[in-house]
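Whatever order the structure lists ligands and atoms in, that order sets their numbers, starting from 1.
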Amino acid sequence: MRISVIGSGYVGLITAAGFAENGHTVICVDVLQEKINAINKKKSPIYEKGLDEILKRVVGKNLTATTDLRKAVMGTDMTFLCVGTPSNGDGSVDLKYVKKASEDIGRVLKEKRGYHVVVVKSTVIPGTTEDVVIPVLERNSGRKVGRDFGVAMNPEFLREGVAIEDFMNPDRIVIGASDKKAGDFVESVYHGFSSPILRTDIKTAEMIKYASNAFLATKISFINEIGNICKKLGIDVYDVAKGIGLDHRISPHFLRAGIGFGGSCFPKDVKALVYKAREIKETPAILNSVLEVNKKQPLKILDIAKKKAGKLKGKRVAVLGLAFKAETDDMRESPAIAIVNELVRKGAKVAAYDPKATENAKAIFGDKIKYARSATEALRGSELALIVTDWIEFKNLNFKEMKKKVVVDGRKAINEDTLPNDVEYEGVCW
Ligand code: NAD
């Protein structure tokens, strides 16, 4: 199959690379020339394990990158829409990238001969594909969905950090389509995947994505709330999580209590679902609580830090980890943002270190903090260390160059058993 992918970010580039690795001919498109240049030089513009290796194999063979959307759509049979769907200030989804890309694709479909399917992979609130994408495509192409071209919604469930593995071996593939022909067309690109394929209508496919993310976010806020209670009762919530996770109805996944969820998906997707629910006069009580718990959770690390280390003003504080989770450079909605901003507001001198996210962090914090090149450099001379991301390299850190060895762990990232006696260690919920 000849495939074009519009938007070459975390989802688009993985989709493009994954399909190319499976033998399809892929053209990926982005509005940012520097991303396109990097891809064509076989260099991933984002950090994702294994991506550079795939790009080395496929770029110049069956994967090319361009800023020319027209050329990409004209030369392919199927177009995946993978542009961003960020939050508006009120929590609703900002559809400007989806609308613009749909207009551009529509104009190309006007001139293009032969069958074409447009597949929405971006996360969009139920109703968006039918009420926004299809009308924009029809208006700009002068053609009719179902008769002249097909539309499908194929949500993406990959996790950053293990994105390639998730794309290649998803738990399920969901395809919601305007008609059977369009759905079959999309299913054919997944030929060779061993995952179950679920065919639905378009709105259901959109909702499956939101319900999945909302459920996972709920699980995290739930265990964080249990963790906060455990902390006051002197119980290690990780032992509790082990005990409940053995129940197959609960499962052990997503029960790592800590400073809350971040990233480009959970916060914005839960907010968007809350917004939609309110719009249709539903009160999403659980989802509201999920967000409320998550908003307070990052600052728990500072409450504990203040109790252990006293006033933060003037103190050198090492912040270890900035990315919203390990194995990514993504800072979007990272709990580190609230923590670092509060430290700065309180007058602390922050020395931060992250193995991959420093460049993205600089765009957020500027020169308000210092950026260390290693954990040791950040810890040197510090009176307090906060563990914000569970990078594996933090597991057995050496704290001997700290001025005062007070460590507060927001992720259960440290191997407590190997800590020397002179390190004062405390976890957020354990
Ligand atoms: P991203 O911001 O990393 O990438 C989006 C890309 O689209 C950017 O490179 C941007 O320059 C490009 N773009 C915007 N308008 C364009 C246009 N008109 N033509 C061509 N390119 C254009 O976003 P992302 O993290 O890849 O997310 C994309 C979508 O996938 C979102 O809806 C998100 O919710 C969803 N999603 C993300 C993840 C994840 O882990 N990141 C997982 C599942 C689903």
Salt bridge (Lys or Arg N to Asp or Glu O under 4.0 Å) filter on Asp330, not counting sequence neighbours, yields Arg332
Given the rule in the salt bridge (charged side-chain N to carboxylate O under 4.0 Å, His left out) test, do Glu426 and Lys231 qualify, once you have shown the distances and angles that lead to the verdict? CA-CA 10 Å; Glu426 191 149 347; Lys231 180 84 189 163; 2.8 Å; yes
Under a 3.5 Å threshold, I'd like every N/O contact between ligand 1 and protein atoms, with atom names and distance.
{"from": "ligand 1", "atom 1": "2 (O)", "to": "Arg332", "atom 2": "NH1", "distance (Å)": "3.3"}
{"from": "ligand 1", "atom 1": "3 (O)", "to": "Tyr10", "atom 2": "N", "distance (Å)": "3.2"}
{"from": "ligand 1", "atom 1": "9 (O)", "to": "Asp30", "atom 2": "OD1", "distance (Å)": "3.4"}
{"from": "ligand 1", "atom 1": "9 (O)", "to": "Asp30", "atom 2": "OD2", "distance (Å)": "2.6"}
{"from": "ligand 1", "atom 1": "9 (O)", "to": "Lys35", "atom 2": "NZ", "distance (Å)": "2.6"}
{"from": "ligand 1", "atom 1": "11 (O)", "to": "Asp30", "atom 2": "OD1", "distance (Å)": "2.6"}
{"from": "ligand 1", "atom 1": "25 (O)", "to": "Arg332", "atom 2": "NH2", "distance (Å)": "2.9"}
{"from": "ligand 1", "atom 1": "26 (O)", "to": "Tyr10", "atom 2": "N", "distance (Å)": "3.1"}
{"from": "ligand 1", "atom 1": "26 (O)", "to": "Val11", "atom 2": "N", "distance (Å)": "2.8"}
{"from": "ligand 1", "atom 1": "32 (O)", "to": "Thr85", "atom 2": "OG1", "distance (Å)": "2.5"}
{"from": "ligand 1", "atom 1": "32 (O)", "to": "Thr123", "atom 2": "N", "distance (Å)": "2.9"}
{"from": "ligand 1", "atom 1": "34 (O)", "to": "Thr123", "atom 2": "OG1", "distance (Å)": "3.4"}
{"from": "ligand 1", "atom 1": "34 (O)", "to": "Lys268", "atom 2": "NZ", "distance (Å)": "2.7"}
{"from": "ligand 1", "atom 1": "40 (O)", "to": "Glu160", "atom 2": "OE2", "distance (Å)": "3.3"}
{"from": "ligand 1", "atom 1": "41 (N)", "to": "Glu160", "atom 2": "OE2", "distance (Å)": "2.8"}
{"from": "ligand 1", "atom 1": "41 (N)", "to": "Ser264", "atom 2": "OG", "distance (Å)": "3.3"}

Does anything in residues 148-161 form a side-chain hydrogen bond (donor to acceptor under 3.5 Å, both in side chains)? List the pairs, not counting sequence neighbours. Lys121-Asn154, Lys121-Glu156, Asn154-Tyr190, Arg159-Asp166, Glu160-Thr328
Checking Thr85 side chain against Val93 main chain: does a donor-acceptor pair fall under 3.5 Å? no
Less than 3.5 Å apart, any donor N or O on the side chain of Thr358 or Asp354 sitting next to an acceptor on the other? no
Kindly write out the residues that satisfy salt bridge (Lys or Arg N to Asp or Glu O under 4.0 Å) with Arg57, not counting sequence neighbours, or none if the list is empty. Glu21
